[in-house]
Amino acid sequence: MSDAQTPDYTNINIDKIMQILPHRYPMLLVDKVLQLHTHSDIIAYKNVTINEQVFIGHFPKEPIYPGVMIIEGMAQAGGILAFVSTWGLDFDMSQNKIVYFMTIDNVKFRVPVRPGDRLTYNMRVMKQRNNVWQLEGKAFVDNILVSEAELKAMVTDSHNK
């Protein structure tokens with residue numbers, strides 16, 4: 001993403017995110033979208049708090065946000081990117097659409113994420129063909145790379161199985 005490129009969307013709040021994604025607490029893992037360039041990239045974040053259920057068991061004396069939750073957050077940010085790139089903020093379309101994982105490759109976890117951290121997801125479109133999106137994801141805390149992965153997902157009607 002070029003710094004000179006103006007985002008198509010900025011500051012998409014949790015109310016709008018909940019109109020796009022079907023996820024709800026405790027599995028809604030994106031709090032806000034800072035910027036989104038359609039068919040290109042998204043920057044979104046999740047505030048990790050000690051109040052999250054996952055910390056009851058992961059781990060009681062050493063709370064670490066699970067890597068699988070980081071990857072799921074990346075996937076949700078990527079789902080928002082795919083949805084908004086396709087339909088804008090036409091929330092009527094979200095009623096029957098869902099984004100499914102197809103593959104997760106080249107996953108790396110570099111630094112533990114802990115309560116109090118702001119987990120920033122940077123997702124970039126590597127390739128898009130019809131309703132299949134291949135995305136490069138990176139997660140940061142305070143500009144430090146904590147995780148990365150390549151994700152492939154498909155946007156489809158939720159009634160298709």
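- Judged by distance alone, with hydrogens and angles left aside, the side-chain atoms of Gln76 form no donor-acceptor pair with the main-chain N or O of Gly78 at under 3.5 Å.
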**Asked** So Ser147 and Met74, side chain to side chain contact (heavy atoms under 4.5 Å, CB included) or not? Walk me through it.
**Response** CA-CA 10 Å; Ser147 184; Met74 285 184 193; 3.9 Å; yes

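- Within the 4.5 Å cutoff, the side chain of Met69 has no heavy atoms near those of the Val113 side chain.
- Ring-plane geometry between Trp133 and His39 is classed as parallel, the angle between the planes falling under 30 degrees on a 0 to 90 degree scale with a further cut at 60.
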**Prompt:** Between Ile14 and Leu28, is a side chain to side chain contact (heavy atoms under 4.5 Å, CB included) present by the stated rule, with each step listed?
**Reply:** CA-CA 10 Å; Ile14 192 67; Leu28 180 58; 3.6 Å; yes

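- Contact of the Tyr121 side chain with the Leu81 side chain is not registered, since no non-hydrogen atoms from C-beta on lie closer than 4.5 Å.
- With respect to Glu148, the side-chain hydrogen bond (donor to acceptor under 3.5 Å, both in side chains) criterion is satisfied by exactly one of Arg110, Lys138, Lys108: Arg110.
- The side-chain heavy atoms of Ile71 and Phe101, taken from C-beta on, include a pair separated by under 4.5 Å.
- Residues passing the salt bridge (Lys or Arg N to Asp or Glu O under 4.0 Å) test with Arg129, sequence neighbours excluded: none.
- Listed for the Asn13 side chain is a donor-acceptor partner under 3.5 Å among the backbone atoms of Asp15.
- Of all heavy-atom pairs between Phe140 and Val146, the closest is N-CG2, 4.1 Å.
- Within the 3.5 Å criterion, the main-chain N or O of Ile64 finds a donor-acceptor partner in the side chain of His58.
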